[in-house]
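Lettering of chains follows the sequences in order, A, B, ..., and the numbering in each one begins at 1.
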2 protein chains.
Amino acid sequence: MKSAAKAAQAEDSAETGAQQIRDAIREAIVERRLSPGTKLSESDVGNLFNVSRTLARAALQALSYEGLVSVEKNRGAFVAYPSPDEARQIFAARRLVEPGILREAAARITPGDIAQLRQLLLEEGRLMSERGQTARRAEIKASGDFHLMLAEISGNAIMQRFMEELVARSSLVIALYGQSTASSCGHSEHGDIIAAIENDELDRACQLMLHHIAHIEADLDLRERKSLGLKEAFEL
Amino acid sequence: MKSAAKAAQAEDSAETGAQQIRDAIREAIVERRLSPGTKLSESDVGNLFNVSRTLARAALQALSYEGLVSVEKNRGAFVAYPSPDEARQIFAARRLVEPGILREAAARITPGDIAQLRQLLLEEGRLMSERGQTARRAEIKASGDFHLMLAEISGNAIMQRFMEELVARSSLVIALYGQSTASSCGHSEHGDIIAAIENDELDRACQLMLHHIAHIEADLDLRERKSLGLKEAFEL
DNA sequence: GGCAGCTAAATTGTATACGATTTTTTGCGT
DNA sequence: ACGCAAAAAATCGTATACAATTTAGCTGCC
């Protein structure tokens, strides 16, 4: 079993080629193989995937709707470079919606769901102890998948899609402003949340979730880095 | 002053022609000049706006991402026809996020904002008493603008965009499943919410908001209409 | 040496063209 | 008449082509 919680397209198939490209680029962004600010020219993307610029462009447009790339008129597309203010808004949004999602998920959670969550947690822990870039990237994804799975359990496809966007953008923010070496320190917190759900301590679970998000945010250094790339960079 | 709460593109200009088409079609959908299920072929859209299919397609793709149109592979784009279940999810999402938005908005609201909200309310009331399709459509939009303006006041652009999507899709749902003749009965409820905010009765304001959403939802008749278009339609 | 202005290269914006898939129409047989 | 099969029309998926804009490089002048 590969990447779990992806849901994929149960439909007849991969609707159009652009979707695949979009997904591939998104994955690369979320796993931080593409750094914020990297230029994604339509021709390059097209060549890379052996498709025409038309499809490349469509994929980039789609990613722009999700806030993962920003397209500037007549200048091109770049991996999004969230400002500190954007970063704050992203986490404010998560604090706003995740407790609600948690409540809805708890209301309809099944033993099978809990088992799956635990499995995810185990995987996450295993990756944490492993070495290497590959493991690190997988860990980043697994950490987000926990939140995504809760959204999936909640049964609300709209909130699920919204959470996918928020988690992806969070990854960008952490890549930019994160300080701690550990990609997502709060591994144990995930476990605590599951435990609280199992014990029907709903309010406590929400509290834990809020703390968890706060912890992630506390690890950020949200200060305007004005690139300082000219004189200042050599003045020290 | 025209449609208020639109924010528009403060940037240098209308980024690309596709955006304009997208906005025009979205407005038509939200104002219910386009009914759910209406086919939007790329050629027709292109001809209508005197642009190539390329731009028409881009606009439709964008609308598809917002959930306002659904594109079916090799079949075309249609104005979205939300299922009863989708409708429930849309309103569940609103119940989930709107109280939170309200809280954030209340925390940073200014007297000027309140004045604007009141103005919006006045306009809404004026339209309610007016006759004619045009007034009806303007009323629909004004009713949504109240919720949108709260999101704008909250200062969170992400939540604002999300609310824009939810409000637009709500309009589709109401068009499909709404029963009452009044487009949005709860006009007075908007006023009550503002009053509660002014009096710093935050919890009450949230309660009112939840009731307001519940009222809108209560006006829906969410039952699978299976088109019953052949025999059944004449058998009664 | 440095800067203004112009020219050329690269990149995006939009249109058109062609192949693939679906839908409709036509026509035949029963 | 009815149903079914094959052809025709319409529509979407993708590629290519051309125009417009930006960026980089260069020349010449100060």
Thr54(A) or Gly76(A), whichever maps to the more 5' nucleotide of DNA chain C:
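Going by which nucleotide is closer to the 5' end, it is Gly76(A).
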Return yes if some donor-acceptor pair links the side-chain N/O of Tyr177(B) with the main-chain N/O of Pro82(B) below 3.5 Å, else return no.
yes
Is it the case that the side chain of Ser170(B) and the backbone of Leu166(B) share a donor-acceptor pair, with hydrogens and angles ignored and the cut-off at 3.5 Å?
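The answer is yes, because a donor-acceptor pair under 3.5 Å joins these two groups.
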Within the 4.0 Å heavy-atom criterion, would you say Ser41(A) contacts the bases, only the backbone, or no part of the nucleic acid?
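Sugar-phosphate contact only.
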Starting at atom [atom1] of [X], determine the distance to atom [atom2] of [N], rounded to an integer number of angstrom.
X: Leu40(B); N: dA10(D); atom1: CG; atom2: P; result: 19 Å
X: Lys39(B); N: dT11(D); atom1: NZ; atom2: C1'; result: 6 Å
X: Arg53(A); N: dT12(C); atom1: CZ; atom2: P; result: 7 Å
X: Gln61(B); N: dG13(D); atom1: CD; atom2: C1'; result: 10 Å
X: Asn50(A); N: dT14(D); atom1: CG; atom2: P; result: 14 Å
X: Ile21(A); N: dA15(D); atom1: CD1; atom2: C1'; result: 13 Å
X: Lys73(B); N: dT23(C); atom1: NZ; atom2: P; result: 13 Å
X: Glu42(A); N: dT21(D); atom1: CD; atom2: C1'; result: 13 Å

So which nucleotide from [options] ends up closest to the side chain of [X]?
X: Leu55(B); options: dA15(C), dA15(D), dC12(D); value: dA15(C)
X: Arg57(A); options: dA15(D), dT14(C), dA17(C); value: dT14(C)
X: Asn74(B); options: dT14(C), dT22(D), dT22(C); value: dT22(C)

Phe162(A) and Ile101(A): side-chain contact (heavy atoms from CB on, under 4.5 Å), yes or no, with the steps?
CA-CA 11 Å; Phe162(A) 189 44; Ile101(A) 290 176; over 6 Å; no
With a 4.0 Å cut-off on N to O distance, would you call Glu164(B) and Arg161(B) a salt bridge?
no
In plain terms, say whether Glu27(B) and Lys141(B) are close enough for a salt bridge, that is, a side-chain N and a carboxylate O under 4.0 Å apart.
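Yes, this pair counts.
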Are OP1 or OP2 of dT21(D) and a side-chain N or O of Arg75(A) less than 4.0 angstrom apart?
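For dT21(D), OP1/OP2 do not have a side-chain N/O of Arg75(A) under 4.0 Å.
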